[in-house]
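These numbers come from a predicted model, not from an experiment. Read the numbers this way: they start at 1 and go in the same order the structure lists the ligands and their atoms.
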Amino acid sequence: MSGKKIITIALAGNPNSGKTTIFNNITGTRQKVGNWPGVTVEKKEGLIQKFGYDLKIVDLPGTYSLTPFSIEEIVARDFVLEESPDVVIDIIDSSNLERSLYLATQFREIDSKVLFALNMADVARSHGTKIDAEKLSTLLDVPVVFTVGNKNEGIDNLLQEAIKLAESAPDEKEKRNVKYSREIEKAILTLQELIEEKAGNTIHYNSRWTAIKILENDKIVKERFIGKAGKAGEEILDEVQALRKNLLMHYDEDPEIVMTDDRYGFIAGIIKEVQTTSAKERIDISRNIDLVLTNRFIGFPIFIFFIWAMFQLTFSLGAYPTEWIEGGVAHLSSVLSGSLNETLFKDLLVNGIIAGVGSVIVFLPNILILFFCIALFEDTGYMARAAFLMDKIMHLIGLHGKSFIPMLMGFGCNVPAIMAARTLESEKDRILTILITPFMSCSAKIPVYIVLAGTFFAAKAGNVIFAVYLAGIILSILSGRLFRLTLLKGVDAPFVMELPPYRVPMIKSLLIHMWDRSKMFLKKMGGIILIGSVIVWTLSAFPRNIEYSADYSARMDRINESFNIKIAAAGEEAKEILRKERIAAIGIIQNEMNSERSEKTYMGRIGKFISPFFEPLGIDWRGSVALLTGFFAKEIVVSTLGVLYSVEEPDDGEALKKALLSSGMTPLSALSMMVFVLLYLPCLATIAVIRKETGSFKWTAFSIIYSTSVAWIAAFCVFQGGKLLGY
Ligand code: GDP
Ligand code: MG
């Protein structure tokens, strides 16, 4: 690095304006992803050297304004205020100039050095929209550069301009800012003078901006600046009260509403000056597509079809690579079994690590395909339409359409699903969505249902599994309503569903999207599953020397001998039959021995200890342990059952089936167990994500306790209710 100071460039703009695309173009792969301290909005940062400068590029969260209604807006604003980047590049969607300029004018007010990137220049052109960049530049006194993010056009030029701006002296001249209505301007001026006089040294920002914000009743600014000023602050607040009251009387509207109108008026003026649209050329393809896809009658069936197609693709196309991976894992495991000596290490490697991690790796193809489809929905712009269509139904829970996206993804995996809740503006909506998403039965629970329903319900298995899924959906709706009425009171934040124009997605961006999410899944699951498998293995492999209640090997020897005598005396044909009988007889004893062994391992002891908790649900100690280990990942429930029932090959469905059928489990207790698996505490990876996304231990603990209580009560009702009905 050169000795020069680093120039910090922040990329800001509306969601979907192309920030991330441009960020990726500039930084290539040299980027760091983290979180803003204290909040869970993702932060992308890249350090590069270009044109002889060290540049630090920060991708700010997408926002429509700097009024702190959502975390994204607070983060973006705080970054500009507190970190004072040398330059803010406002990435503007040229095909939607009016909406973009709302944010742009607010950056001008903050007093930071702003540069406009008129991105999506190609889209604007195809709409027949012409933008007079030079005029825009002089009108707002801001340098303007045209870019096409996805083709990497104009990016170098943009960086050069940014550097030039960073190196320029801060301009002193009166900037061309929004002029508010006369009475408002007067109030701003009064307040500005008062602030400078009374609290000049506590405020290190532009005093006009501070005055505007306080007049708009911006809570954060009020607390942060006036709060610090002590007595003087209180005086200022009294004055603000009086000013706001006067303005309210004068305009018969809250001042902030008048000010918003003023900004739009200002913008409308700019648009008239700089933008011309030739109506003839204007082909609004998006609107035509929407006539069909969001149609009142056929929109919904089409949507259901897409979802169906997505799951179809995920599971049927995914089945092929899944088979290959299964084959690979089995092969690896048999090669290692064959070539290693019988040691504890081999046992750990084959039965612990490979069995455990292998059982998760097989889900990778499904996950990749599911995420690819979701990325496709997002990048084409269809996801917004889906949310729009679901809006009415989601209102039943007191949420709006946007919450549907995380819930839908929950059927795949809760980890990315809960992360997807980030797009919700209101914190209450986000927490509510995060709390009810785990009831959407994720794909990891499928193996459990298949084993239990397949064993105990045979031909009706499909219907039973469907009913379990349905129960999850109904309980999430009921829980949503309950929370809305109690813990997370309030109306859902009003919002306009943005319907961005349809775009042909870039395959590269789809792949990056897909990989970003899958990587997360792999990393989290990989680590946790690995640890979980080792723990499960350790608990079930120790202690090594078990004192058996009976001398099994002597019994086996005796059987062997008596058969040997019989075989020697029998004819050729009878010999064959006797040999088979001998194997079966010894197998029974072997199983008895194994099950006593597993009862006496640490795992067995834990199971016995916790089983009273599960007894009212009709679940025995083996089931209890399996459920306990399912905390690492739900798939492990099945492999633990396999271990506990001493099925030689846990993958062999038939053997486990037989063991389960002879274990005293009934269809009713199997159903109770499925219900419990559906609802009880989310897996470790999900809990970690809930903690990260809510930023609160309290909500995380609540989620765990709530879901487990619901699970217990529901399973209790199923089991005891079923018993009363005579099942
Ligand atoms: P962000 O939400 O601001 O980070 O936006 P993204 O970078 O994710 O971009 C949204 C979509 O717009 C992506 O599908 C990009 O490929 C696409 N995109 C970005 N820049 C342009 C552009 O200049 N022209 C066109 N046609 N598409 C673009
Ligand atoms: Mg982005």
Contact region, Asp122 to ligand 1, non-hydrogen atoms below 4.0 Å, reads side chain
inquiry  = Gly149 versus ligand 1: do any nitrogen or oxygen atoms come within less than 3.5 Å of each other?
reply    = yes
For Asp379 and ligand 1, does the shortest N/O to N/O distance drop below 3.5 Å? no
Quick note on ligand 1: atoms under 4.0 Å from a heavy atom of Thr20 include exactly 1 (P), 4 (O), 7 (O)
Is it true that Asp86 and Lys56 have a side-chain N and a carboxylate O under 4.0 angstrom from each other? no
Rounding to 0.5 Å, atoms CD1 (Ile687) and CG (Asn414) come to a distance of 11.0 Å
Short N-O contact, Arg263 and Glu216, less than 4.0 angstrom: yes
Under the 3.5 angstrom rule, does the side chain of Ser65 hit a backbone N or O of Thr67 as a donor-acceptor pair?
-> yes
Q) Any N or O on Val123 sitting closer than 3.5 Å to an N or O of ligand 1? A) no
A student checking ligand 1 against Pro15 at a 4.0 Å heavy-atom cut-off should list atoms 2 (O)
Per-atom filter on ligand 1: closer than 4.0 angstrom to a heavy atom of Asn14 are 3 (O)
Check Arg77 with Asp218, please: is the shortest side-chain N to carboxylate O separation under 4.0 Å? yes
- Message: Please confirm whether Ile22 approaches ligand 1 to less than 4.0 Å, judged on its heavy atoms.
- Response: no
- Evaluate the side-chain proximity of Leu55 to Ile26: yes if any heavy-atom separation is below 4.5 Å, no if none is. no
Taking only non-hydrogen atoms of Asn16 and a 4.0 Å limit, the atoms of ligand 1 in range are 1 (P), 2 (O), 3 (O), 5 (O), 10 (C)
- Item | Glu73-Tyr64 side chain donor-acceptor pair, cut-off 3.5 Å | no
Where do Lys50 and Asp156 land on the salt bridge (charged side-chain N to carboxylate O under 4.0 Å, His left out) test, with the steps shown first?
CA-CA 9 Å; Lys50 192 113 195 196; Asp156 276 350; 3.0 Å; yes
May I ask whether Pro505 has any heavy atom positioned less than 4.0 angstrom from an atom of ligand 1? no
So the atoms of ligand 1 within less than 4.0 Å of a heavy atom of Val148 turn out to be 22 (C), 23 (O), 24 (N)
